[in-house]
Amino acid sequence: MDAPAAAIPGLIIHLDYDAFYCSVVEADDPALKFLPMAVQQKQIIVTCNYEARKRGLHKLQLVKEAKRMCPDLVIVLGEDLTRFRDASKALYRFVRAFSWNSRVERLGFDELWMDVTDQIDYNLSLLNPHNLAHSFFHLSRDDPTHGFAFDATTFAGTTFPSLTSLSTESPRSPSDITQTQDSLSLRLKVASHLARFLRSEIEHQKNYTATAGISTNKLLSKLVGNLNKPNGQTTLLPPYSGEQNNVTAFLDDHDIGKIPGIGFKLAQKLREFVLHRPAAFDDGLVYGGTRETVKVGDVRTHPDLDADRLEKVLSGPGSPHGIGLKVWGLLHGADYSEVRAARDTPKQISIEDSYLRLDTFDEVVKELRSLAISLLKRMHADLLEEEDEHSQDTIGPDSSEQTQAELPAPSSTRRRWMAHPATLRLSTRPRPPLNADGTRTRTFTRISRSAPVPNFVFSLSTPIESLAERLVNEALLPLFRRLHPEKTGWNLSLVNVAVANMAEAGGNAKSSVGQDIANMFRKQKSSIHSTGEKKVLPADEISKMEIGPAEVQESIAKLGYAADATISPVEEAHSPPQPSELHDGPLTDFIPPDARTGSEDMLVPTFSKDSRSDVDSGERDDVVGGDGDADDLGLCVVCGATMPSWALAGHARFHSP
DNA sequence: TTGTCTCAG
DNA sequence: GATTCTGAGACAA
């Protein structure tokens, strides 16, 4: 929680792909690079390339307006995000391959942070202090030839403040130039060269340009990167503390609303406090002859404000605890949030469409069908994993890059669910009823209802269209009736269908196929405790219960776990299947409601008590293999998986090196 | 857990 | 505070 003041700061690179949606389109059609081009969703230009920006266009502009300003604008439809999502994933995997610690965090489709502290410190330790100008950056600990030459006496790219203007001045406060500051400067220099290298790789190998910010935390790296767009990079120079530090020099001139973490609501509260009156919505406007913009410096140096008083200013019903301290820190450039390793599955998947008018039941059914199909496709794309038996032979940073997004799965490839969403949610945005007398123009946005995800959606042997039809009839329409009990009278401007509340299976394919099992369990355990997510119960947790296999089986039975349902294909009476056949058969892709576990390698019961039995009970006839004989169960002593006894020997093979 | 809100691009 | 189409996290009930 409390960050040691004397700790050596980490080094963070923020990357932002330039005009991302447009770059994706241009990658497919390079001729567009030289024309003003924009991506449209409904009546909005969501982004435009720099050719278009030269003509005064900008993000989130009405299409009408954009066409008027730029009649020769090339417009590309972008309501389907699939290509953007795929490009984003491929770029992410490409960049992550350069990381040593996997701490690469995505923000939206077009931004990411990299915590490169380990790589910088390693390279610092190998620098020759007597010949910094001819340094070599090691990209690998193992291969000393893998890397690039660089000049460690200079910053790559631009800096804030700019070095040219600074070099004419005397050092800001000579006594402040301490050992740590020199070292921070050198560390930032090395990081700036890594950032330039990464941008160059992205450009030449992937055909995307990116802008980078280099500093010691997420906040500063992201903000400082904005200074040289597109295709540039900026490093925030030390000193970072003391009377005349560059952090406050940089931050103080920002509008408070530009600080990541200070959104519209918080910004309005801060403005109101500083201005002593409600701030206008459009914060550039003049209100009563006074300035409407409030800068970071105005708040930071406000005589009546400190962290405690900020807490009172910002707190209110529903506001997070400790928001004052957090914002106070942000205003000073302090951001203790970590760069988090990306999860391998999303926490939710949602599909939505907006409408000018949607007010008949038939139309709703039609739209729900189409949304349901899209949602199921997304679930397949993002939650399914191919089970490649030879994956261990092809391990490498680049090999994973070509699997999911770029190559269609061969139909023979076996697939497994990496995570199972437990909750289905339907949201709508009713159009505010026009002002009749007495009825207020309620500015409510979205309303939602949710229910358990019916288990049939996990079937891999049923056409998506059939699943979607069932999903609409059996789940979405009931939700819709709960949302809108009136037969008529409503008019929707948006419908969203989402799955959430993922129960993850353990690990990904690579780690689950007999690699670092213990490490995988550690990860699961910490996740259980830190996030409270539903997780597969790892073996060491089972053993902590101080119960033996028999008791495990008993508690499994109490949980209603159909122990052999997920693993057992249709058993041929007299010929026990070979281990490889464990994955086969038309029935194994079906997840019984009570056994939402992970891969076939990891068959252990989940924590989730089944609150869905009643809803699912209608599906029971579809649950296969549930009539197996519990006496045949065996327990794998390595991973805790429960399975039919005849499968144990074959299963053990997965754990051998 | 459900539903809403705020934040982000 | 909304426009598009998302996704994460936090809070109240």
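Reminder, nothing fancy here: chain letters follow the sequence lines and each chain counts from 1.
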Tell me, please, which residues at least two apart from A:R482 pass salt bridge (charged side-chain N to carboxylate O under 4.0 Å, His left out).
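Applying salt bridge (charged side-chain N to carboxylate O under 4.0 Å, His left out) to A:R482 gives none.
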
For [N], does either OP1 or OP2 sit under 4.0 Å from a side-chain N or O belonging to [X]?
X      : N     : result
A:K222 : B:dG9 : yes
A:R378 : C:dG7 : yes
A:R271 : C:dG1 : no
A:R343 : C:dG9 : yes
A:T445 : C:dA2 : no
A:R429 : C:dT4 : yes
A:T423 : B:dT2 : yes
A:S350 : C:dG7 : yes
A:T47  : B:dG9 : no

Check the pair A:E51, A:K54 against salt bridge (Lys or Arg N to Asp or Glu O under 4.0 Å), reporting the backbone distance first and the verdict last.
CA-CA 5 Å; A:E51 275 304 314; A:K54 279 183 199 166; 2.8 Å; yes

A:Y355 versus A:E367, side-chain donor and acceptor atoms under 3.5 Å
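Short answer, yes.
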
Residues from residues 476-484 of chain A sitting under 4.0 Å of DNA chain B, heavy atoms only?
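Within this stretch, A:R482 sit under 4.0 Å of the strand.
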
Check whether the side chain of A:E111 and the base of B:dA8 form a donor-acceptor pair under 3.5 Å.
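Side chain to base: no pair present.
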
Please tell me which of A:K265 and A:Y21 maps to the more 5' nucleotide of DNA chain C, matching each residue to the nucleotide holding its nearest heavy atom.
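In this pair, the answer is A:K265.
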
Check whether the ring centres of A:F84 and A:F109 lie less than 6.0 Å apart, and answer yes or no.
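No - the distance between ring centres of A:F84 and A:F109 does not fall below the 6.0 Å cut-off.
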
Salt bridge between [X] and [Y], side-chain N to carboxylate O under 4.0 Å?
X      : Y      : result
A:R446 : A:E352 : yes
A:D18  : A:R199 : no
A:R271 : A:D255 : yes

Separation between the [atom1] atoms of [N] and [M], rounded to whole Å:
N     : M     : atom1 : answer
C:dT6 : C:dA2 : C1'   : 16 Å
C:dT4 : B:dT2 : C1'   : 26 Å
C:dT3 : B:dG3 : C1'   : 24 Å

Once you apply a heavy-atom cut-off of 4.0 Å, does A:R85 come out as touching a base, just sugar-phosphate, or nothing?
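Sugar-phosphate only.
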
Counting only non-hydrogen atoms, which of residues 37-46 of chain A are less than 4.0 Å from DNA chain C?
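Residues of residues 37-46 of chain A under 4.0 Å from DNA chain C: A:Q41, A:K42, A:Q43, A:I44, A:V46.
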
Considering only B:dG3, C:dA8, B:dT1, which nucleotide approaches the side chain of A:S450 most closely?
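Nearest listed nucleotide: B:dG3.
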
